[in-house]
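Here's the structure, in structure tokens; my notes come after.
Below, chains carry the letters A, B, ... as their sequence lines are ordered, and counting in each starts from 1. Model, not experiment: these values are computed from the prediction.
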2 protein chains.
Amino acid sequence: MASVSKENYLKIIFYLKQHDVKPVSTSEIANELEISNAATSEMAKKLSESGLISYKKYKGIDLTPKGKKVALGVIRKHRLWELFLANVLGLSWAEVHDEAEKLEHISSEKLIDKIDEFLGFPEFDPHGDPIPKKNGKLPKLTGLVKLSEGKVGGIYNVIKVNDLDNELMNYLTRIGVKLYKQIEIVEKLIFDKSIIVKIDNHNINLSEKIANSIYITQLKNAELN
Amino acid sequence: MASVSKENYLKIIFYLKQHDVKPVSTSEIANELEISNAATSEMAKKLSESGLISYKKYKGIDLTPKGKKVALGVIRKHRLWELFLANVLGLSWAEVHDEAEKLEHISSEKLIDKIDEFLGFPEFDPHGDPIPKKNGKLPKLTGLVKLSEGKVGGIYNVIKVNDLDNELMNYLTRIGVKLYKQIEIVEKLIFDKSIIVKIDNHNINLSEKIANSIYITQLKNAELN
DNA sequence: TTTTTATCTTAGGCTTGCTTAAATTAATTA
DNA sequence: TAATTAATTTAAGCAAGCCTAAGATAAAAA
């Protein structure tokens with residue numbers, strides 16, 4: 001079992017690799033984790049000895065398949081916890097990250113699987129990021145569409161909300177917009193491009209700006225509703 | 001913020017003090033935590049310096065009000081998590097303890113309060129132990145009665161199950177007996193002292209032995225049902 | 001290509017929380 | 001009360017993870 005620190009190193013390496021093909025440098029990691037380069041070099045040696053990363057002095061770091069598996073496991077735990085904390089326990093979207101950052105390291109597989117089951121095996125977390133499956137597979141974000149691009153009469157699932165603006169996030173929470181929430185587009189007003197949607201059987205008017213911040217995906221069985 | 005280790009010391013000291021008026025000795029703590037006496041002596045010095053315990057060399061340890069508050073906070077977290085894991089996420093009664101042992105140290109007050117709220121501010125955990133309130137008050141176990149002592153027609157709440165036997169616990173879980181579950185006594189059979197109860201609208205016959213392992217408390221509004 | 005600069009690693013040190021072994025204090029018994 | 005035994009504390013040391021400062025290597029500039 002990797003320690004909390006080791007899991008965090010592996011997680012960060014995984015994230016840094018997503019944006020770049022080159023090996024990750026020790027200083028990039030040090031920057032992200034806000035620790036010294038020296039500490040990162042030391043840890044690189046240890047992780048390499050455990051077979052979790054491949055590392056050549058001065059040449060940067062790559063995850064081995066074993067290390068990638070650990071990283072994805074941690075990310076899976078993080079994202080499932082975020083979703084659970086937000087949708088089940090009602091913590092604000094601003095709070096869930098820090099809490100999940102701790103929970104991801106101490107939750108057993110069994111507990112995580114129970115949470116996964118409780119949530120109905122969701123594919124995306126409150127930020128719209130894909131939740132790794134038990135087998136390590138990452139769901140693909142296909143057909144990501146803005147609410148403003150949906151059709152009148154269509155029933156959609158919220159799968160991502162731009163969390164750039166905290167005030168917006170709080171407002172959305174207040175009116176009941178949360179991940180996996182069902183939304184029906186009742187009417188699109190042409191003169192101000194706002195949209196009337198039905199949430200929890202209430203009709204609400206959302207401005208163009210808000211409708212552009214909510215990403216949706218069509219329900220597989222939308223026709224049945 | 002006390003470290004994980006320090007929280008565990010304080011928690012154990014609190015438990016050991018419950019059974020005895022005398023100060024707790026360092027070796028008792030060492031025994032419980034399965035560490036050396038030397039480590040305990042060292043830690044005693046530190047906790048004393050932080051004002052969490054009162055400690056005189058060779059004379060044993062007592063919690064200060066400050067230390068007691070921390071201990072009760074940890075115990076509150078532990079017991080709320082146990083109940084949540086068992087009743088909401090469906091982990092077995094055997095599993096919840098180890099999981100809660102980790103969760104208790106990394107959960108924010110806010111998260112715990114949300115769990116408390118989600119559970120409806122319960123007073124007892126899956127083992128029937130009282131859950132400290134936010135203010136540190138411990139609910140009293142008054143009127144603890146065995147199911148076998150209940151009245152025919154009475155509607156009761158399960159508040160404690162003797163978890164001495166794992167097979168029994170699993171059986172009870174299977175038939176739906178869990179903490180805070182409502183149980184109605186339908187009939188008491190005299191010839192074998194077994195009891196027919198209604199759980200989830202099903203009638204089940206419980207042997208005398210089982211009925212003696214389930215502790216109940218009368219619902220305040222039993223007459224209204 | 002050589003020099004300079006930027007990046008990375010090693011060396012030595014610190015803190016937390018543990019260990020074993022030795023020393024000290026308290027308790028028991030003669 | 002003194003001697004023995006049991007309990008407790010101190011001393012020295014170890015591992016994990018961090019730090020700063022110094023040294024080594026690679027990259028960029030001259």
For Glu34(B) and for Lys46(B), locate the closest nucleotide of DNA chain C by heavy-atom distance; then report the residue assigned to the nucleotide nearer the 5' terminus.
-> Lys46(B)
Tell me, with the steps shown, if Ser3(A) and Ser5(A) meet side chain to side chain donor-acceptor pair (under 3.5 Å).
-> CA-CA 5 Å; Ser3(A) 67; Ser5(A) 283; 4.9 Å; no
Within the pair Ser5(A) and dC18(D), is there a side-chain N or O less than 4.0 Å away from OP1 or OP2?
-> yes
Is any side-chain N or O of Ser3(B) closer than 4.0 Å to OP1 or OP2 of dT16(C)?
-> no
If only side-chain N and O atoms of Thr26(B) are considered, is one of them under 4.0 Å from the OP1 or OP2 phosphate oxygen of dA7(D)?
-> no
From the options dT20(C), dT9(D), dC18(D), select the nucleotide whose nearest atom is closest to the side chain of Ala38(B).
-> dT20(C)
Closer than 4.0 Å, any side-chain N/O of Ser41(B) to the OP1 or OP2 of dT8(D)?
-> no
Of the nucleotides dT8(D), dC18(C), dC18(D), which has the atom closest to the Glu42(A) side chain?
-> dC18(D)
Do the side-chain N or O atoms of Ser36(A) get closer than 4.0 angstrom to the phosphate oxygens (OP1, OP2) of dC19(D)?
-> yes
Residue-phosphate contact under 4.0 Å: Lys57(B) side-chain N/O, dT10(D) OP1/OP2 = yes
Remember a base hit wins even if backbone is also touched, and classify Thr40(B) as base, sugar-phosphate or nothing at under 4.0 Å, heavy atoms.
-> nothing
Going by an N to O cut-off under 4.0 Å, is there a salt bridge joining Lys68(B) and Asp62(B)?
-> no
Ignoring hydrogens and angles, tell me if any N or O in the side chain of Ser48(B) forms a donor-acceptor pair with the backbone of Ser54(B) under 3.5 Å.
-> no
Out of Lys11(A), Lys77(A), Arg79(A), which one pairs with Glu104(A) under the salt bridge (charged side-chain N to carboxylate O under 4.0 Å, His left out) rule?
-> Lys11(A)
Would one find a side-chain N or O of Lys45(B) under 4.0 angstrom from OP1 or OP2 of dT10(D)?
-> yes
Compare side-chain N and O positions of Tyr55(A) against OP1 and OP2 of dT9(C) and report whether any pair is under 4.0 Å apart.
-> yes
